[in-house]
Protein chains: 2
Amino acid sequence: MCCYIVGMNLSVNKSAAQANARPSYHHGDLRQSLLMAAKSLIAEAGIESLSLRKLAERAGVSRTAPYHHFSDKNDLLCAIAAEGFCRRHRAAAQAFDDPNLSPRDKFEQFICGYIQFAAENPEEYELMFGRNIWKQKNSTQELRDVAYPCFQHQLEMIRSWQQCGLIGGDNPLRTSQVIWGTVHGIAKLWIDGIYTDSAQIEEVSLCAVKMFINKTA
Amino acid sequence: MCCYIVGMNLSVNKSAAQANARPSYHHGDLRQSLLMAAKSLIAEAGIESLSLRKLAERAGVSRTAPYHHFSDKNDLLCAIAAEGFCRRHRAAAQAFDDPNLSPRDKFEQFICGYIQFAAENPEEYELMFGRNIWKQKNSTQELRDVAYPCFQHQLEMIRSWQQCGLIGGDNPLRTSQVIWGTVHGIAKLWIDGIYTDSAQIEEVSLCAVKMFINKTA
DNA sequence: GCTCAATTTTGACAGTGTCAAGATGTGTTG
DNA sequence: CAACACATCTTGACACTGTCAAAATTGAGC
């Protein structure tokens, strides 16, 4: 496989399998390419079927090349998860800071948005909250640096909804854990294929909103 | 490895590695032995580290022997999960049918009992509700036959609590999905190691109970 | 006692993550 | 410009996995 020897002008008529062969020995931005390829592979066939070897092949690189950019398979997964937390965090913060929305609307937006995010990116969500990453000492420092503020933000939102009397519960931390558990559980049950009818996830989300909102409010 | 040749009277002074070697070629009840060994292996080191080969070795049998009792690794896992559903179902039904408990007590018992079951048997719970088993067409008919009545029973309990005005929500199915989601989510977040402080799982459960119960009741 | 089916074994294959050692570039210093 | 150091990439190898095919062993029924 000496595809890196060919000059740029000669690398035109090559087999489709080598379509993504790079012109030079050094890839240039392999780390980013690996992340991209990994995300597309995961979206195509699920996390559990992602192997470093298939990933390397798709990136047009040898089996062990990824090890120079990620110490581990776990390290790679953590990096992808971190990206997911950033995306989700931005979206949640944006809705919460929208001055045109009432607290009630924001709460509904949070619940439905969370579950919708998980439903639209099931494999990525599975990765972000899967046991493989968080169990034991598997989580990278980078991942924790991104994820913890995300969790903290949720806590602050819950606290604000409690303060304006929209939702009940005494201890904000416990309340936050319950509500987070609810959206996480609904998302998980749906993603994992336990809820048989998947079309009504929106209805379930709205039902959760109604059950948490104070009737007196 | 001709350990099955030795007569019963000669099989006394053997190495510790062959402690669980059986006296005859045919095991007798290998299927049950495999289930037992699998459960203990899972409890020891988690599901993901369970391999059929290690399992066979612990059962004192060759690598491929399990394939005559389970068509698949997945088949074995489904069988273990089915056992878990039976246990959980019995416990839940027993509490619900206790005539000495008020509806409120039963509800609290259900929420706390569910989460406690998951917390005490994290690996088994992970197996029962893990994606590997339910995703795609992986679930065995046997597993579904055991699990679906379990889900149905939950729905009926929720419906009864709604009818006596203990909890809100209109559509019983949706309400059931939300509450199930809540306990499942709390359990999962704890099992997967995302809640940092694990000692207060009881408090979280009680907070969930309070948030769902109607204030007017 | 012989046959047959159930059960278990050995052999093999493709796939996985990961380490060690060698090959190939790129940049930096004399 | 030459030589060296270093980052990057490759090949080779190892142990481990699930699973199939073919052979071996055993117990039950005629």
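Every chain is numbered from 1 and lettered A, B, ... according to where its sequence line falls, protein lines coming before strand lines. Computed from heavy atoms alone, side chains included, the values below leave out hydrogens, waters and symmetry copies. As the structure is a computational prediction, the values presented were derived from the model and not from experiment.
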Measure from [atom1] on [X] to [atom2] on [N] and round the result to the nearest Å.
X       : N       : atom1 : atom2 : result
R53(A)  : dT17(D) : CZ    : P     : 16 Å
R63(B)  : dT19(D) : CZ    : C1'   : 11 Å
Y67(B)  : dT10(C) : OH    : C1'   : 15 Å
E48(A)  : dG15(C) : CD    : P     : 19 Å
N132(A) : dG17(C) : CG    : P     : 13 Å
L76(B)  : dG18(D) : CG    : C1'   : 13 Å
L55(A)  : dG15(C) : CG    : C1'   : 16 Å
L30(A)  : dG25(C) : CG    : C1'   : 14 Å

Q) Taking only N and O in the side chain of H69(A), is any of them less than 4.0 Å away from OP1 or OP2 of dA7(D)? A) no
Q. Under 4.0 Å between a side-chain N or O of S51(B) and OP1 or OP2 of dT17(D)?
A. yes
**Q.** Check ion pair E123(B)-R131(A) (N to O, under 4.0 angstrom)
**A.**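 R131(A) and E123(B): salt-bridged.
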Q.
Does H68(B) contact dT8(C) through a side-chain donor or acceptor facing the base, at a distance under 3.5 Å?
A.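 Result: at least one qualifying N/O pair found.
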Q | No-H, no-angle donor-acceptor pair, T64(A) side chain to dT11(D) base, under 3.5 Å | A |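 Yes.
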Q.
Is the distance between the ring centroids of H184(A) and Y125(A) under 6.0 Å?
A. yes
(Q) Are F107(B) and W161(B) an aromatic pair, judged by ring center distance below 6.0 Å? (A) yes
Q.
By nearest atom, which of the nucleotides dT10(D), dT9(C), dG18(D) is closest to the A65(B) side chain?
A.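 The answer is dT9(C), which lies nearest to the side chain.
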Q) Could you state the interatomic distance from NZ (K135(A)) to CD (E48(B)), rounded to the nearest 0.5 Å? A) 6.5 Å
Q. Parallel under 30°, tilted from 30 to 60°, perpendicular over 60°: which one fits the rings of W180(B) and F129(B)?
A.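 Perpendicular.
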Q: Identify, between S71(A) and P66(B), the residue whose nearest nucleotide on DNA chain C lies closer to the 5' end.
A: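 It is P66(B) whose nearest nucleotide is closer to the 5' end.
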